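For reference, the structure discussed in these notes is given below.
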Amino acid sequence: MLDAFISGFWQVLAWPAFGYLLIGIVIGFWVGLLPGIGGLATLALMLPFSYTIKTPIEAFCFLLGMLAVTGTTGDLTSILFGIPGESSSAALILDGYPMSKKGEAGRALGAAIMSSLLGATIGALSLAVSIPIMRPLVLLFGSPELFIITIMGITFIGTLAGTSLIKGLLAGGVGLMLAAIGVDPQTGSLRYTFGSLYLWDGLDVTPVVVGMFAIPEIIDLAVRGTSISQAPKEKLKGVMEGVKDTFRHFWLVVRCSLIGVYFGVLPVLGANVAQWIAYGHAARSLKDKSRAGKGAVEGVLGPGAANNSTRGGDLIPTIAFGIPGSASMALLLGALLIVGLQPGPEMLKSRLDVTFAMVWILIISNIIVAGISFLILNHLAALTFIRGSLLIPFLLVLVFIGSFTANNSIYDLMVTLIFGTLGYCMLLYGWPRPPLVLGLILGKIGENYLWISTAAYGARWLLFPSVLILIVLTVSIVAYPTIKERRGRAKYDRPEDAV
Amino acid sequence: MPKRLSNRAMRLVSPALIPVLFFIIATAAPLFAQNDFYKGKTITIIVGTKAGDAYDLYPRLMAEYLPKYLPGSPNVIIQNMPGAASMIAANNAYNVAKPDGLTIGAIYPALYFDQLSKKPEARFDWSKFQFIGSPVVSNHLLYMRADAPYKSVEDIKKAATPPKCGSNGTSSTGYWLPKLLEEVIGTKFDIVVGYQSGGDVDLAVERGEMQCRAFTITAWFAREPFITWRKTGFANVLFQTGSKRDPRIKDAPTIYELMDKYKATPTSRQLTTVVLASGDFGRPLVFGPKVPQDRVKLLRDAFDKIVKDPAYLADAEKRKLDIDPIEGLKLQKLSKEVVAATPEVVERMKKLLGSD
């Protein structure tokens with residue numbers, strides 16, 4: 001096993017594999033920065049180029065290297081402009097963008113890059129460590145458990161500190177309702193499509209997320225008439241400060257990375273979900289809850305780590321069974337077949353070196369991108385000091401191109417505008433947006449698992465011990481903050497010692 | 001000016017040649033236009049499943065070879081549009097995509113079931129799709145976990161509780177094949193619809209949530225987890241749908257043998273014929289009804305050449321994809337036949353699909 005581990009490392013660094021890795025990183029870097037254009041779509045576009053590559057490891061250097069980087073640089077756009085660079089980076093807006101407004105863009109970027117690197121490494125190591133136990137790990141969760149996990153996810157985000165419990169849960173419920181739009185996966189009947197074929201596929205997450213988060217910020221920027229950063233330039237805190245933050249909150253980053261790995265392993269869920277759960281965890285771990293959403297660095301570290309570590313988790317079911325854990329993994333699986341490697345148990349035996357090479361690609365590509373990023377981060381941070389009126393047209397173009405890439409449809413733009421308006425109103429009246437987005441993402445998944453659980457086990461599944469444990473956990477998620485708040489009020493408010 | 005030009009032309013070309021000239025211009029112009037048409041364009045193949053599914057792997061391979069055989073060498077890209085057993089993709093190719101010959105649908109072969117049973121969601125007339133061809137004619141099988149108490153179709157027939165078969169939509173094989181058996185020989189199955197993809201069903205079988213799944217023989221031999229399953233004896237094939245037994249699974253009876261054994265009625269046999277025609281449609285590539293004939297022909301010609309290209313066949317071999325092509329014109333004829341099924345058969349088909 002150790003041989004394969006070392007051999008994988010050298011194979012990644014060997015020429016021309018390393019060259020392919022660099023090309024992949026350059027593409028991934030830009031794809032990540034540009035909003036809407038996601039890693040998945042790029043992977044699909046780049047796949048044909050990998051057909052000409054001869055060995056599996058070289059092909060993977062190119063494809064996986066690209067994919068690994070998009071998660072990292074997507075975070076940068078979220079922090080700098082309040083526009084999600086990837087739909088899996090949206091959670092970084094909540095605290096990252098307020099940091100930019102406070103003039104702490106450099107610090108936020110440093111924290112995002114460093115936590116991404118740490119997250120990717122932990123994800124990759126989890127992949128390496130779990131090789132012997134991969135199969136039981138994936139089989140642990142059946143449809144009933146997965147259904148409860150989706151409910152738990154929405155509850156978790158709906159009950160975040162700082163927002164009203166009822167508003168949070170209601171927003172989550174609206175998200176679930178929006179998820180019902182489209183062709184019902186069980187019988188193929190149409191729901192809420194109002195005769196529009198666009199709605200058959202349901203609402204695409206990208207235009208919704210981009211609209212919900214980017215449009216309100218752009219309106220806000222226009223209304224304020226200043227630059228994104230409202231603080232004077234002198235206060236520009238360095239990138240190193242963010243790096244240090246990562247190590248100050250080391251265990252938080254580790255925990256959030258593990259959340260990411262876990263959601264990567266679970267079928268269908270992934271970075272889109274993991275980022276919110278990690279954000280929720282980070283926000284809850286704040287000693288002074290009122291800092292959440294106002295530029296707490298923990299809110300950057302959590303999702304930054306989680307959306308990178310999912311990649312490692314994603315690979316686990318792909319390798320263990322030859323069954324992809326996510327859409328991007330399904331594409332990678334196709335690439336594997338093309339280079340003549342049968343994904344599945346074979347990769348845990350005779351081609352273990354390829355599996356370990358994947359681990360190394362995840363780590364090395366993130367180290368390289370972190371290196372490149374650190375060189376330019378302070379320049380990127382300077383963008384937040386440009387006058388808003390110069391920046392807004394540029395941002396709007398990015399927002400709409402990003403949305404349009406979802407389905408290449410004019411309706412994508414309409415969805416962005418509608419949800420932009422909704423997002424602005426929600427912001428104005430103090431309704432939390434994350435539960436709505438998560439409800440939309442998890443709605444369809446949850447519906448499928450509920451249907452399958454009931455069809456497979458009747459009502460019996462409600463009494464499965466694993467399900468009962470998860471239900472208890474979900475209830476405690478709702479009850480715990482309430483109880484803690486009461487107790488907290490009885491004492492006195494803690495001083496702000498969280499930084 | 002035009003008059004003088006035409007006069008000169010008259011003098012240069014003998015009058016007898018003029019109709020010939022016109023003929024050449026009239027026939028060649030669209031030919032040139034056609035050759036030009038795909039140049040610098042991008043063809044999108046809309047695949048009705050998630051990436052990585054066997055229904056996805058075939059069009060992906062085809063996409064690599066289309067530029068070589070289509071005049072103008074267009075780009076060919078794949079767009080996955082999964083859901084409702086590829087009905088979303090079929091409806092899109094039929095209704096939404098511009099009929100300019102730049103959008104091809106790669107859809108499930110059994111979608112005509114939904115049309116016959118008059119599901120309002122099936123917004124197409126199967127026989128009006130313009131079939132380009134299918135790289136493979138597929139027969140189906142039903143696998144069962146080896147540790148389940150059903151070792152044969154006979155066991156299922158006698159069992160008190162039916163086995164649980166997973167499926168990802170009512171027009172996927174996973175749904176209609178067990179239903180068909182139920183309908184013609186009275187074997188009960190508990191069919192659970194709602195998985196996102198076939199792979200999700202396999203994972204559920206591995207987990208013990210489901211016990212069986214029906215799908216193509218091709219996939220059973222093409223990829224994981226089945227390669228391991230066959231090696232470890234994790235699952236067995238209980239029956240298959242070809243007219244004779246596939247030599248690789250010669251222990252599993254065909255549905256025809258089962259119908260003989262359990263004395264199925266003539267209507268049941270007719271029903272079986274209409275339903276199993278979907279196997280002949282294989283993994284069809286289609287154009288919507290309004291795509292111009294000349295472009296359909298270009299694609300059909302390219303398709304017919306590709307499936308004979310040794311490089312294509314070698315690539316398919318490497319990716320473990322069976323190739324047993326059927327050309328577009330044959331599918332077109334077959335599509336008219338299945339759509340013309342008798343009301344009695346349609347009635348039973350509706351019952352089969354549970355859409356009554």
Side-chain angles (χ1 to χ4, degrees), chain A residues 40 43-45 47-48 51 135 138-144 182-190 197-198 200-202 267-268 317-318 320-324 327-334 337-340 342-346 408-409 444-445 447-457, chain B residues 50-53 56-57 60-61 63-64 75-81 83-85 87-88 91-92 95-96 114 119-123 164 166 168-171 190-197 199-200 202-204 206-210 222-228 315 318-321 354-355:
Chain A
L40 179 63
L43 197 62
L45 287 176
L47 205 58
Y51 293 159
R135 296 175 65 90
V138 177
L139 294 180
L140 201 57
F141 287 93
S143 300
V183 177
D184 133 55
Q186 279 78 39
T187 63
S189 10
L190 299 172
L197 280 167
Y198 173 79
W200 278 38
D201 281 349
V268 196
T318 314
F321 295 94
I323 295 171
S328 47
M329 283 306 137
L331 284 178
L332 280 183
L333 200 105
L337 285 168
I338 286 158
V339 289
Q342 186 64 245
E346 200 56 16
N408 298 341
S409 159
K444 214 152 232 174
I445 301 171
E447 183 197 343
N448 270 326
Y449 286 131
L450 174 62
W451 175 283
I452 294 168
S453 307
T454 311
Y457 308 108
Chain B
K50 280 206 240 180
D53 193 285
D56 171 74
L57 298 178
R60 274 184 198 276
L61 179 58
E64 288 169 53
N75 288 316
V76 183
I77 59 166
I78 299 283
Q79 186 190 346
N80 293 90
M81 197 182 277
M87 193 166 359
I88 294 174
N91 280 321
N92 189 294
N95 301 304
V96 185
D114 294 315
K119 273 204 180 170
E121 291 80 20
R123 299 191 175 176
K164 284 181 206 136
N168 55 319
T170 47
S171 54
D190 185 358
I191 304 165
V192 177
V193 192
Y195 288 93
Q196 281 272 304
S197 70
D200 291 341
D202 299 328
L203 211 54
E206 184 112 32
R207 217 162 36 218
E209 194 171 285
M210 292 290 127
R223 60 189 164 87
E224 289 287 2
F226 315 116
I227 295 169
T228 310
D315 264 353
K318 208 168 87 182
R319 297 178 203 183
K320 304 202 171 166
L321 298 174
S355 55

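Here is how names work: the chains are called A, B, and so on, in the same order as the sequence lines, proteins then strands, and each is numbered from 1. What you see is a predicted model, and the numbers here were worked out from it, not measured in a lab.
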Turns out that what part of A:Phe141 lies under 4.5 Å from chain B's heavy atoms comes down to backbone
Can you say whether B:Ile191 sits under 4.5 Å from chain A via the side chain, the backbone, both, or neither, judging by heavy atoms? neither
For B:Glu209 and A:Ser143, indicate whether the former's side chain and the latter's backbone hold a donor-acceptor pair under 3.5 Å. yes
For A:Ile452 against B:Val193, the heavy-atom pair lying closest together: CG1-O, 4.2 Å
Is there side-chain contact between B:Tyr195 and A:Asn448, with heavy atoms separated by less than 4.5 Å? no
At their closest point, which heavy atom of A:Ala455 faces which heavy atom of B:Val192, and how far apart are they? CB-CG1, 3.6 Å
Interface moiety of B:Ile78 toward chain A, non-hydrogen atoms closer than 4.5 Å: neither
